[in-house]
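Values below: all heavy atoms of this structure, side chains included; hydrogens, waters and symmetry mates excluded. Residue numbers start from 1 in every chain, and the chains themselves are labelled A, B, ... in the order their sequence lines are given, proteins ahead of strands. What you see is a predicted model; the values in this text were computed from it and never measured.
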Amino acid sequence: MTQPHRLADGGRLDRSTPVRFTFDGTEYTGYPGDTLASALLANGVIEVAPSLYRRRPRGIATAGVDEPHALVQVAEPMLAATTVELHDGLSATSLPGLGRLDQASDEAVHDKMYGHADVVVIGGGPAGLAAALAAARSGARTVLVDDQPELGGALLSGHEEIGGRPALEWVEAVRAELSDTAEVRILTRSTAIGYHDQNYLLIAERRTGHLGPQPLPAAGRGRLWHVRARQVVLATGAHEHPMVFAGNDRPGVMSAAAVRSYLNRYAVLPGRRAVVLTTNDHAYGTALDLAAAGVEVAALVDTRPQPPVALAEAARRAGIEVLAGSAVVGTSGDTRIASARIAELAPDDTLRGPVRELGCDLLAVSGGWSPAVHLWSQSRGSLRFDEALAAFVPAQAAQQVRAVGAARGTYDLAGCLREGSAAGAEAATLAGFEAAAPPVPPSVGDPRPALPRPVWLVPAEEGEPATWRDHFVDSQRDATVADVHRAIRAGMRSIEHIKRYTTIGTAHDQGKAAGPTAIGVISRLLGASSPAEVGTTTFRGPYTPVSFALLAGRERGGLFDPVRTTSIHPWHAEHGAVFENVGQWKRPRYYPRPGEDMDAAVLRECRAARGAVAAMDVSTLGKIDVIGADAGAFLDRVYTNGFAGLAVGSARYGIMCRPDGMVFDDGVTVRLADDHYYLTTTTGNAAAVLDWLEEWLQTEWPELRVHCTSVTEQWATVAVVGPESRAVLADLAPDLDVSKEAFPFMTARQATLSNGIPARICRISFSGELAYEINVPSWYGLAVWEAVLAAGEGHGITPYGTETMHVLRAEKGYPIVGQDTDGTVTPQDLGMEWIVAKHKQFIGKRSFRRADTARADRRRLVGLLPLDRAELLPEGAQLIADETALTGPPVRMIGHVTSSYRSAALGRTFALALVERGRDRIGEKVYAPLPDGRLVAATVTEPVLLDPKGARRDG
Amino acid sequence: MLLIACPWCGERDEVEFHYGGQAHVAYPSDPEALSDAEWAQYLFVRDNPKGPFAERWSHAAGCRRWFNVVRHTVTHEILAVHPAGRPKPVIA
Amino acid sequence: MTVDGLRRSPLGDLPETLGHGVRLREIPFLTQLNLRLAPGGGAAARVAEVLGAALPTEPNTVTDSGDLRLLWLGPDEWLIVGPDGAAPDTEGRIRTALPGEHACLVDVSANRTTLELSGPGARTVLEKGCALDLHPRAFTPGRCAQTLVSKVNVVLDQLDAEPRYRLLVRGSFARYLADWLLDAMSDTALIG
Ligand SMILES: [Zn+2]
């Protein structure tokens, strides 16, 4: 017989289409509407994988997100069987608290959506539905979030009445009205996992994952909502917690509320003969429903000496013996529970009287209820311990949020409806809408409960807490009362310390069920008068685990981060360039010819630039138009050197520093008109420099008449470099007088190219060669690049990439900001005293007089020539002063290598380095200890290794 | 994700903004007149209160304006927002 | 003009693409002039005169003047957007209003290209990567914003209620943004 534990009728199931699934290789059947857990129970399967550390047999213990035991691998690892919706073909294997990553990449699409709402209601139970209805009727943009496939919350598991009809008919009516209301969005199968500053909510929606392996084409498996809410209503319900007694982890020990849910929502009998253990009224409903379903209820054990008369009477009428003032003190069984041992509790929670043993295959336990305050706490709302409810409840809100219903400890249905309705109306009103709380319909069932008698720790029949190793506090972590005792004996008092020492609450469920119990146990072992003295640990998101794929959303592979390309990029790609990432830019690093590696390609490209002509796409340089009557005065304050006196049509290299005197950026600026400078920045700093200029203009010098406009992408720029570059330019711009006299170094000219394109041509050089940079509107970039190559064809023009650019500039000792500097380097450290003006004020100037900045032993930029001309020092290598220093730590380091290359022009390797008192060491040796154990010697030199007089550049 | 009200553009997510440190720390009018200690004070020393803190933000991905915010450093609540150049508001 | 034939837009090879209730195409080479001046002064008034419409002073709004759109970018900054080829004439007209003023006009037509995203699903596509509230109660035709779409800075301009949006994006980011939009458009459940 299939599904031997399935009730003949009832439940929220579609019995017309049974579905097949496998669990640990065995095939079973269930129904749509089942969870994996309910279907297993229907098939008589309660036992899951044993515990991680002690290999204790374990069983399904709950019916929701607080499940500590029934973890499975479907495609994703570590899913709770109580939250996995059953679908045809589902194949699950049980996990002992430890999953394994699927090595195949997850190709499913995960989506992301930003949302905005006036009112977000989290939780689709009676309180949440009432709140959503009140808000929606006001016209407020309302989002209702619920983690289940259908709305109703706890109503799905009971048989209450609202408005004279079964409660689920009321649920359906509310759902229908909300669906028909404009500006309302209902998100089912959606878990609010995070509550961040200013009502920023993260909601994980399961879109097609629950349908199994055949998702709708292109509809994502999941979606992460980022919702900004004006007002939030938390109707997140409450968690029932377990009780701590010997053998409380045995399969068949189950949450009483879960048992009721399995009976009523899933039409499953979790056992045939039950004992019910409770500290409160709620489990009476479980006991009565079990009896009504034909389960023999051997006893209802209530910790309270005087249970409410009406409830006790109802139980007796159902043939259930009520054992008041008692608790279960132990269980037995082969694996699954076979009997429960019961004893009377004295007022101080000690045991008294004889122990009675009752046979059972199910022990339904309600250790008490705690509001699900996770999101409330994430929002930084405070908690207080309510002694009557024996639970932490929301106290002071820290954001625009309120908690209603069971989430604030209101457990009766009428109270939930009333609070929800009022809160929904209040939230909508505060969001600026005219809202009134709709009348609350009368309800039957789930009355206001009497007070519980919490028993945080049921003593063992013998021994002391130090030996209670079968009293599980966090069964997922196999953490027991003995472990808590050991932590306290080791001197810990804070819940945060005890949590970390015992690992309680750190497992997959993050202590959703066991958390309050643990606090209770700790308070008892500390001798505290109340859990209030212990407090809670910090609640952190996500509320339930989510996959990294969901967090990544669409930002995967090529969409992971913006990729920036220049207008000339298609040519680079077509011609086999090897690209390097420079920030978000893709820049050609080198252009290998067949059979060439990088070294060979770069040496060839360097030879072309030094021997004939070469071209580079330098469009990525930052470019800013600085315009206004005070532009020159402004640049004088920003750069260490002067710009106000620069002649129109001329260019000047400048360095800007932070106020601390450290180099921030550098680049060439051209004066195009009296009131117009064209400033270039390093590729990586383009945005930062514009921000920097705006900051000073807006916050310190608003009186300056200057505007800055980013034109980085307005202009494409091609550098033409090498002794034959003049000839190429002459061919390219026939109307331009390119002679040395008419177009000298560090000047700029406007010209029309032979193809008709207007260009701004600057004679500047970052290579030490005769060179020009041709700027054109970027939509002409590709055409001009091709024209340059065509004009240079007869000269063997060679495209080159960033690697060659680095070698060429390093041979000239030109530093690169961010490579040869790191925010601790002054212009003087770079050997550029000449660029620091003496007779004007500029940002950073004052710092050059500070004792530390003026120190004689600062690290200065120098060149290094390894004694072995083929030895390439690794960039970042540390330097020491003498050969014998490596005797043992500490090793005194005097600097490090910042750049290191093979030079075609020098016929050897070389490097740049920052070295303590470097300028005083020129001609001396330094040593680089390498990871392979070798000590490489190099001679310190001037950083300019080629053409120190600049004859090539100025030619 | 803070929600910051740009004085011009209104409420935008924090990612659109750049942080600029403590507000109302003016660049000294004559740095050369300062002692090393005074200059170091300007360069390196900032308040770090537990509570309301006046700080600068720039709407970098929007209108690019710098402005001042009073933010509670514990709750992240934004207590006041005003354009650059205005005096520090009094927060009760 | 022969020179125009040498132009390449960043997305010149992007075909007009249809998704479920959404359409994407590039509008290349739009005229874009960046104007900086003090609002409410004489220059602003003269610019309004030569353009036939006032520069908007309400943040994140647009005014229309013939085939020009005047977008507020900042309290002293506007982007004047017009058809391909309108830059020289428009720049010339504005310059007549600026002599002697603390003002700045820069032709940035090649700085950005324009993506047009339209159709009933267009808002949903944007909402996959844009945190701005684009609900008609908050964002309507006539509004613009500088904001982020999937980490990319854009100038967003809503043209009509269909809705039809223009995303003005810097050329280097255009390919990434188009790829991202095409991916977002592949969602079959865009409407509703
Ligand atoms: Zn702004």
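Both the backbone and the side chain of A:R850 come within contact range of chain B, judged by heavy atoms closer than 4.5 Å. If you measure heavy-atom distances from B:S58 to chain A, you find no contacts under 4.5 Å at all. In this structure, chain A has no heavy atom under 4.5 Å from any part of B:F67. Interface residue B:L3: backbone and side-chain heavy atoms are both found under 4.5 Å from chain A. In this structure, the portion of B:W39 lying under 4.5 Å from any heavy atom of chain A is its side chain and not its backbone. Interface remark: B:E11 contributes side-chain atoms only to the contact with chain A (heavy atom separation under 4.5 Å). Of the two parts of B:S29, neither the backbone nor the side chain holds a non-hydrogen atom closer than 4.5 Å to a non-hydrogen atom of chain A.
Within the 4.5 Å cutoff, no side-chain heavy atoms of A:T699 are placed close to those of B:Y27. Two residues are said to be in side-chain contact when any heavy atoms from C-beta on lie closer than 4.5 Å; B:E77 and A:Q399 fail this criterion. Here the side chains of B:D36 and A:R846 are in contact, with some heavy-atom distance below 4.5 Å. Taking the side chain as every heavy atom from C-beta outward, B:M1 and A:R228 approach each other to under 4.5 Å.
Although no hydrogens or angles enter the test, the distance criterion places no donor-acceptor pair under 3.5 Å between the side chain of A:Q198 and the main chain of B:D13. In terms of modelled atom types and a separation under 3.5 Å, the side chain of A:E700 and the main chain of B:A26 share no donor-acceptor contact. The closest donor-acceptor contact from the side chain of A:Q841 to the backbone of B:D30 lies at 3.5 Å or more, if one exists at all.
Environment of CZ in A:F548: sparse, with no more than 12 heavy atoms of neighbouring residues, nucleotides or ligands closer than 6.0 Å. Counting heavy atoms of neighbouring residues, nucleotides and ligands inside a 6.0 Å radius, atom CZ of A:R380 exceeds 12 of them. The neighbour count for A:W701 CH2, taken as heavy atoms of other residues, nucleotides or ligands under 6.0 Å away, is above 12. No more than 12 heavy-atom neighbours from other residues, nucleotides or ligands sit within 6.0 angstrom of CD on A:Q396. Counted within 6.0 Å of CZ on B:R46, heavy atoms from surrounding residues, nucleotides or ligands total more than 12; the atom is thus considered enclosed.
Ion pair B:R56/A:E695 flagged as a salt bridge, since at least one NZ, NE, NH1 or NH2 atom sits closer than 4.0 Å to an Asp/Glu carboxylate oxygen.
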| request: Could you walk me through whether B:E14 and A:D197 pass side-chain contact (heavy atoms from CB on, under 4.5 Å), step by step? | output: CA-CA 10 Å; B:E14 183 181 350; A:D197 291 314; over 6 Å; no
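In this structure, the separation between CH2 on B:W66 and CG on A:L697 is 12.5 Å, given to the nearest 0.5 Å.
For the set B:L2, B:L34, B:V74, the entry with the most heavy-atom pairs within less than 4.5 Å of chain A is B:L2.
Closest heavy-atom contact between B:L43 and A:S847: CD1-OG, 3.5 Å. Shown here for B:A60 and A:D691, the closest heavy-atom pair between the two residues is CB-OD2, 4.4 Å.
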